[in-house]
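Below: the structure, in structure tokens.
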Amino acid sequence: MRRIPSRLWLLCALYFVQGLPFGFQVTALPVYLRTRGVSLAALGFAGALSLPWMLKALWAPLVDRYGSERVGRRRSWILPMQVGLALACAGAAFAAGRESLPLLLGLIFVMNLFAATQDIAVDGFAVDLLRPEELGLGNTAQVVGYKLGMLTGGGLLVWASASIGWSGLFLVMAALCLTVFTIVLFVREPPPREPEGPESPKLDWPALWARIKSALTVPGTGWLLLFIGTYKLGETMSDVLYKPFLVDAGYTPAQIGLWVGTWGTAASLLGSTCGGLLAARLPLLRAVALTGALRLLPLAGRWLLTQTGVSDGGVLGVTLTEEFFGGALTTVMFAFMMSRTDRRIGATHYTLLASVEVAGKAPTGPLAGLLADPKFGNLGYGNMFLLGAVLSAAFLALLAPLRRNASTAPAAQPAS
């Protein structure tokens with residue numbers, strides 16, 4: 001059996017800690033708020049806590065530009081961000097003990113800020129180290145690590161909170177962050193895999209901005225950004241309402257936490273692994289087309305649940321299938337994004353693409369809540385699930401212009 005390089009395990013651990021706060025936010029928090037009578041319209045705006053993930057491109061050039069050569073260009077950012085994340089988790093434990101919801105929500109925002117900034121450096125670290133033939137496995141480590149963090153923060157620790165309490169949940173998260181911090185502390189950061197010419201990998205500001213401009217003016221970039229920004233649009237619109245739909249259908253938070261937060265995330269992890277293997281064997285756009293088409297089946301299945309009635313078997317089948325194909329699509333899409341990244345500005349360029357992905361799906365949470373809420377759009381769950389499936393099908397039409405521009409990948413452009 002082929003040995004998995006240690007750098008992939010390290011990437012997996014780094015992405016793991018970044019997924020902890022987001023897992024709590026997207027899985028546990030909606031159920032918590034809905035069981036306390038929070039409206040669908042208000043619930044949709046809870047996604048604003050992840051705003052740092054959408055805006056991180058604003059400070060990504062700082063991460064690319066500055067860093068200690070002695071500590072390591074990427075470790076200079078990763079280490080302090082992990083300490084900050086651990087301290088924010090400890091603060092959340094205090095807020096949970098005092099039952100202060102505003103303070104807790106504020107600290108979840110701060111956790112996302114530290115995790116998103118670390119993500120910039122870790123993405124650059126991955127771009128520096130991964131060989132072209134490792135993009136599939138590398139992005140499997142990325143997605144699987146992140147989703148294991150989500151599974152832990154939004155599933156396992158929520159389940160364990162019955163014994164350790166909400167404060168204990170956040171203290172365990174802090175301990176996990178410090179554990180990975182200790183590992184990274186003793187890791188020596190190697191130089192970038194493919195330095196371009198004799199110039200330093202640390203660009204000065206004029207060269208950095210020139211490089212960003214060059215990457216964003218390659219023919220077909222507009223289609224690329226539209227492609228990345230819309231691939232999760234319909235799925236996210238459906239996801240935002242799925243857990244409240246299950247609450248209103250009579251399922252308990254414990255059932256939802258087990259089925260969606262734990263089993264669903266496990267199915268997503270399996271799908272992400274399969275997606276990585278698929279990305280290593282098929283052209284990346286073909287892998288995106290296949291997984292994107294298969295994703296339509298469970299999205300339509302959610303609509304079908306609203307028409308035929310819910311059952312345990314139906315909910316489990318739709319949940320696990322959607323998580324599996326959604327996970328596979330995410331991995332192949334991230335591998336495709338990394339294949340289009342200029343290595344000299346890896347952290348900034350990949351972060352720009354990732355920010356477009358987050359920004360593309362960000363409006364769907366508030367919009368879905370408003371359209372479904374009886375006091376506003378009153379479209380209901382069924383119509384919104386159908387709309388999500390239709391938007392996901394429409395996304396596949398963007399594959400045609402992407403194929404026409406496949407030869408203009410920014411990573412293939414010569415150094416300026």
Side-chain angles (χ1 to χ4, degrees), residues 12-33 43 45-56 59 77-97 100-123 142-161 164-181 184 236 239-240 243 257 260-262 264-265 268-269 330 351 354-355 358 361-362 365:
C12 188
L14 289 168
Y15 285 112
F16 170 81
V17 296
Q18 294 167 200
L20 289 172
F22 196 68
F24 177 83
Q25 177 190 329
V26 301
T27 302
L29 192 60
V31 175
Y32 176 84
L33 296 176
L43 193 61
F45 285 93
L49 296 175
S50 61
L51 199 60
W53 289 94
M54 182 173 65
L55 300 179
K56 62 180 180 172
W59 57 92
W77 290 88
I78 293 171
L79 292 172
M81 292 304 107
Q82 288 183 327
V83 171
L85 185 56
L87 291 175
C89 290
F94 172 81
S100 174
L101 184 59
L103 179 58
L104 178 62
L105 294 178
L107 285 167
I108 292 173
F109 178 88
V110 172
M111 291 179 205
N112 281 321
L113 177 62
F114 286 126
T117 304
Q118 175 180 308
D119 186 63
I120 299 169
V122 177
D123 286 342
Q142 174 189 13
V143 177
V144 168
Y146 191 81
K147 289 184 177 179
L148 279 172
M150 291 184 65
L151 171 63
T152 303
L156 297 177
L157 291 182
V158 174
W159 170 76
S161 66
I164 64 176
W166 291 105
S167 294
L169 178 152
F170 288 112
L171 287 175
V172 173
M173 285 173 56
L176 290 171
C177 293
L178 290 176
T179 299
V180 176
F181 167 84
V184 178
T236 304
D239 284 346
V240 166
K243 298 180 194 71
V260 181
T262 304
T265 305
S268 180
L269 290 169
T330 298
T351 295
S355 296
V358 175
K361 62 188 180 184

[X] side-chain N/O to [Y] backbone N/O, donor-acceptor pair under 3.5 Å:
X      : Y      : value
Asn112 : Leu49  : yes
Ser268 : Gly264 : no
Gln118 : Leu14  : yes

[atom1]/[X] to [atom2]/[Y] distance, rounded to the nearest 0.5 angstrom?
X      : Y      : atom1 : atom2 : answer
Leu176 : Leu171 : CG    : CG    : 11.0 Å
Phe94  : Cys89  : CZ    : SG    : 15.5 Å
Leu55  : Leu51  : CG    : CG    : 4.0 Å
Leu20  : Thr152 : CG    : OG1   : 6.0 Å
Gln18  : Met150 : CD    : CE    : 12.5 Å

Can you find a pair of side-chain heavy atoms, one from [X] and one from [Y], that are under 4.5 Å apart?
X      : Y      : value
Lys56  : Asp123 : yes
Met81  : Phe181 : no
Met173 : Met111 : yes
Phe16  : Val144 : no

Which pair of non-hydrogen atoms, one from [X] and one from [Y], has the smallest distance, and what is that distance?
X      : Y      : result
Thr351 : Ile120 : OG1-CG2, 3.5 Å
Ala88  : Val110 : CB-CG1, 4.1 Å
Phe109 : Pro52  : CE1-CD, 3.5 Å
Ser167 : Gly97  : OG-N, 3.1 Å
Ser50  : Phe22  : CB-CE1, 3.6 Å
Ala90  : Ala174 : N-CB, 4.2 Å

- prompt: Going through the distances and angles, do Leu169 and Phe24 end up as a side-chain contact (heavy atoms from CB on, under 4.5 Å)?
  reply: CA-CA 10 Å; Leu169 178 152; Phe24 177 83; 4.2 Å; yes

- prompt: So Tyr146 and Trp53, would you call those rings parallel, tilted or perpendicular, with 30° and 60° as cut-offs?
  reply: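 The arrangement is perpendicular - the two ring planes meet at more than 60°.
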
message: Quick one, Leu104 with Phe170, criterion side-chain contact (heavy atoms from CB on, under 4.5 Å). Give me CA distance, side-chain angles, the key distance, then yes/no.
response: CA-CA 11 Å; Leu104 178 62; Phe170 288 112; 3.7 Å; yes

message: With side chain to side chain contact (heavy atoms under 4.5 Å, CB included) as the test, pick out the partner of Gln82 among Leu178, Leu87, Val17, Thr179.
response: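 One option only clears the test, and that one is Val17.
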
query: Does any donor atom in the side chain of Thr117 or Trp77 lie under 3.5 Å from an acceptor atom in the other side chain?
result: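 Thr117 vs Trp77: no donor-acceptor pair found between side chains.
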
